[in-house]
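Worksheet: one structure, shown below.
Note that ligands are numbered from 1 as they come in the structure, with each ligand's atoms numbered from 1 the same way.
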Amino acid sequence: MTAIYEVRGNVAVISLSNPPVNGLGYETRKAAAAGIAQAENDAAVKAVVITGAGKAFSGGADIKEFGSPLALAEPNLLSLIGVVEACSKPVVAAIHSVCMGGGLELALGCHYRLVSPGAKIALPEVKLGLLPGAGGTQRLPRALGVEPALNMIVSGEPVNAELLAQVPGQKLFDRVVTGNLLEEAIAFAAEVADKRPLPRVRDLKARHANPEAFFQFARNTVGAMSKNFPAPLRCLEAVAASVNMKFEDGIRAEREGFAALMVTPESKALRHAFFAERAASKIADVPDSTPARNIAKVAVIGAGTMGGGISMNFLNAGIPVTILETKQEALDRGVATIKKNYEAQVKKGKLKQDKYEQRMALLSTTLSYAEIGDADLVIEAVFEEIGVKEAVFKQLDAVMKPGAILASNTSTLDVNKIANFTKRPQDVVGMHFFSPANVMKLLEVVRGAATAKDVLATVMQLAKKIRKTAVVSGVCDGFIGNRMIEQYSRQAGFLLDEGCSPAQVDRAAEKFGFAMGPFRMGDLAGNDIGWAIRKRRYQEKPGLRYSKSADLLCAMGRYGQKTGAGWYDYAPGKRDAMPSEVVGQMLDKHRAALGITPRQISDEEIVHRLVFSLVNEAAHLLEEGIAQRASDVDMVYLTGYGFPLWRGGPMCYADTLGLFNVVQAMKRFAKNPLDDAAFWQPAPLLARLAAEGKSFS
Ligand code: T1G
């Protein structure tokens, strides 16, 4: 949690040391400032090198300190950078691996910067709903040039150091060091020890040939792409200040922008999502040190939409896949779909031809179980019917080598039942991908009662490798996401019964920020899927009431886009959802048959009934231990169900509104005779938190 000070010859070396990525926390800042003071006071020291111990130069401000007084405790980041820049001896930054956010701002306060090739350089604050708040918006334009600096700050994306070193006229890096970075930095520091004046980035001019026009153009572009996020435009204004203002005034403008963004709900939501994503990879009773099994070879059972998409994830990560099917034409169809997907990416320039060929070379197919026995992981992605799963898992149990992980992509069936089809339930786990499986980031990892801890640790690590956000779920019908979406869909149906049109509900949901409202989503996914689940529900839970509107729709064969008509009408071959007269008449008749007089329902009531149904069901999931933490539920909805990122997820949104207000609204919904009073009884966890004035987080 500090910085290590040592003297090599007449050069002092300060190594930031705050694992895992040298976040610039209070202790580290204090120790680094003390190191500078020590170097100043040591006549034998002629120059200073600052570097990062371990796997990063620095990942930036210590985000674990956000919101705590420590984040601003002196020396805060601005003060530390000021101390470095004011040092009477040259300070050389020796940058490797990762240099981001406050880490890059610190390096910009140094007089010289040497960097290793491949180092990831970024100012990612915009991804946290912030702007670089320790001089980055003022120094990077001066060191790198206004346009490349603006691109980096507004996108927040990392750039390889050697690319930045090639920018004409750049003063960001004095040298790209292919040899031993620290040795070369020490030698360089000794070389420049007596050079004066010390070069300071703040003394450079941030130039642009036509700033007025450039920033106006940039404003229009950035404004158009960031309508729900205030940070990108504020980043732009801060960069504009680097051109239009003196350095000190620019720094002041930057601080004002930073302080304003820090308190926005969007930044709170984005910071919440950042931590939620990392928290989700932790499993309470499975320590990080749990050894993972080696996954060098994967088999996928089923070459359908899911099987193909799942396979692509592993091919993309360089892991060989064998797909097994029962018929050759199914295999051929599946491989052809994978090829089509890759060729589309190559055409769009998103995938290089050689990479496409490499990936296809990792793919093999078979009709025989005997040929997949040596796979380390097999993922079943066959028809969602327990009898079919049983046959597959009995086969897998017979052929897979000991220690292989047997995973099911089931979206609702009981993973414990599936595990018990085998003699190795400890090796069975659910890996629920979301369609399209090669695109959607969410992976629900379903933990069976017998699932071994090292199996879970292996799958969680593998998820990172295939760039999925893995969230652990216990076994229940629908796991986390689908169990919650079922209540959401029930509310959507009740809203139709009470007088809304599908378009009105969708418009309200999409205005709130959902990527797609419930009815457009149904038409896309296929209304017959929900129909099948409801038919099962009517048997299992006869007491659970649903609107019959969706059943009436399916009875008309209107399954959605795949049948050319659903809640909406579609022109042949088109995906544009057009309000349907036929559906409108069906709903009028349906309401009349129920004796319901349609009423006007506000967008707020629509959104709150949809979102709070998610929140209440999630509170039950937390009580039952199906979901480990509320932020996991947020990750499921942000990465698998199109919940607006700038609201942080359903639980974060409920916290923002205040759980007291959520419970008050639920009490109002419970009074509606056409709704479901029993459902709107707040889950005990929610009721308790609301009564105690607490939040989920
Ligand atoms: N501070 C503290 N811990 C951090 C951290 C940071 N900046 N970045 C990552 N970690 C932790 C992370 O929580 C995880 O911890 C571990 O490091 C590995 O992370 C004023 C205010 C650096 C590219 O936004 O992009 O500077 O869960 O799994 O894939 O302008 O982490 O294991 O305990 O992501 O190798 C700006 C965010 C801050 C960088 C490494 N900086 N981090 O990726 O590992 S705001 C960022 C990343 C700022 C100033 C402003 C990535 C990474 P644990 P990981 P990784």
Side-chain angles (χ1 to χ4, degrees), residues 1 16-29 52 54-68 70-73 75-82 95-109 118-140 149 152-153 155-161 231 234-235 238-239 251 254-263 267-268 270-283 287-289 457 460-461 463-470 629 631 635:
M1 285 290 272
L16 303 171
S17 174
N18 178 17
V21 294
N22 298 328
L24 294 168
Y26 170 65
E27 292 300 334
T28 304
R29 299 194 305 268
K55 71 173 198 176
F57 173 81
S58 168
D62 190 335
I63 41 190
K64 293 187 173 87
E65 273 185 4
F66 270 170
S68 85
L70 277 179
L72 298 172
N76 67 29
L77 205 40
L78 267 175
S79 309
L80 170 61
I81 294 166
I95 301 166
H96 64 90
S97 318
V98 167
C99 179
M100 293 189 170
L104 178 55
E105 293 173 301
L106 173 61
L108 284 163
K120 296 273 179 248
I121 311 297
L123 286 175
E125 289 85 342
V126 70
K127 291 183 174 180
L128 299 173
L130 299 170
L131 57 74
T137 64
Q138 305 307 304
R139 288 194 177 88
L140 192 62
M152 281 185 73
I153 292 168
S155 73
E157 288 304 316
V159 183
N160 272 2
R234 281 212 179 255
C235 284
V239 171
I251 284 285
E254 175 188 270
R255 287 312 286 169
E256 283 159 16
F258 184 82
L261 286 170
M262 190 54 116
V263 296
S267 181
K268 287 179 185 154
L270 287 168
R271 297 196 313 261
H272 168 77
F274 177 86
F275 284 111
E277 177 157 27
R278 280 159 184 74
S281 63
K282 310 262 183 267
I283 305 173
D288 282 352
S289 55
M460 297 307 275
Q461 276 187 30
K464 268 196 177 175
K465 202 164 174 199
I466 62 172
R467 306 174 68 77
K468 294 294 178 187
T469 298
R629 49 185 87 81
S631 63
M635 283 323 294

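- The side-chain heavy atoms of Gln138 and Leu108, taken from C-beta on, include no pair separated by under 4.5 Å.
- In this structure, atom 49 (C) of ligand 1 has a protein heavy-atom contact shorter than 4.0 Å.
- Interface atoms of ligand 1 facing Leu77, defined by a heavy-atom separation under 4.0 Å, are 20 (C).
- In terms of protein heavy-atom proximity, atom 14 (C) of ligand 1 is nearest to Arg278 CD, 4.2 Å.
- Looking at every heavy atom in both residues, Arg29 comes nearest to Leu77 through CD-N, 3.8 Å.
- Considering only residues two or more places apart in sequence or on other chains, Lys465 meets the salt bridge (Lys or Arg N to Asp or Glu O under 4.0 Å) condition with none of them.
- The two residues Pro132 and Gly136 have their closest heavy-atom pair at CB-CA, 4.0 Å.
- Here the shortest heavy-atom distance to atom 26 (O) of ligand 1, taken over Gly133, Gly59, Gly102, belongs to Gly102.
- Against a heavy-atom cut-off of under 4.0 Å, Glu105 is close to the following atoms of ligand 1: 20 (C), 30 (O), 49 (C).
- Proximity of Lys282 to ligand 1 is established by a heavy-atom distance of less than 4.0 Å.
- Annotation: cation-pi geometry satisfied between Arg278 and Phe274 (NZ/CZ under 6.0 angstrom from ring centroid, within 45° of ring axis).
- In the vicinity of Val21, heavy-atom distances shorter than 4.0 Å reach the ligand 1 atoms 4 (C), 5 (C), 8 (N), 9 (C), 10 (N).
- From the protein, the heavy atom lying nearest to atom 3 (N) of ligand 1 is Lys64 NZ, 3.5 Å.
- For atom 22 (C) of ligand 1, the closest non-hydrogen atom on the protein side is Val98 CG1, 4.0 Å.
- In this structure, the protein non-hydrogen atom closest to atom 2 (C) of ligand 1 is Asp62 OD1, 3.3 Å.
- Protein heavy atom closest to atom 35 (O) of ligand 1, with residue, atom name and distance, is Lys55 NZ, 3.4 Å.
- Contact check for Leu78 versus Arg255: side-chain heavy atoms found under the 4.5 Å cut-off.
- Geometrically, ligand 1 and Pro132 share no nitrogen or oxygen pair separated by less than 3.5 Å.
- Counting all heavy atoms, side chain and backbone alike, Leu131 lies closest to Ala238 at CD2-CB, 4.3 Å.
- Assignment of Phe274 to the shell around ligand 1 is supported, since a heavy atom sits closer than 4.0 Å.
- Distance check for atom 43 (O) of ligand 1: every protein heavy atom is found at 4.0 Å or beyond.
- Note: an N/O pair closer than 3.5 Å links Ile63 and ligand 1 by distance alone.
- Every residue two or more places apart in sequence or in another chain was checked for a salt bridge (Lys or Arg N to Asp or Glu O under 4.0 Å) with Glu256, and none qualifies.
- Under the 4.5 Å side-chain criterion, counting only non-hydrogen atoms from C-beta, Leu104 is not in contact with Arg139.
- Counting heavy atoms under 4.0 Å from ligand 1, residue Pro124 touches it through the side chain alone.
- In terms of heavy atoms, Thr469 sits closest to Glu277 at OG1-OE2, 3.1 Å.
- Taking 4.0 Å as the cut-off, Leu130 does not count as a neighbour of ligand 1 on heavy-atom distance.
- The closest approach between Glu65 and ligand 1 stays at or above 4.0 Å for every heavy atom of the residue.
- Here the protein heavy atom with the shortest distance to atom 25 (O) of ligand 1 is Met100 SD, 3.9 Å.
- The nearest pair of heavy atoms linking Cys99 to Ala107 is SG-CB, 4.4 Å.
- Across Glu254 and Ala134, no two heavy atoms sit closer than the pair OE2-N, 3.4 Å.
- With respect to atom 28 (O) of ligand 1, the closest heavy atom belonging to the protein is Lys464 NZ, 3.5 Å.
- Between the side chain of Ser267 and the main chain of Leu128, a donor-acceptor pair closer than 3.5 Å is present.
- Regarding atom 16 (C) of ligand 1, its nearest protein heavy-atom neighbour is Pro20 CG, 3.4 Å.
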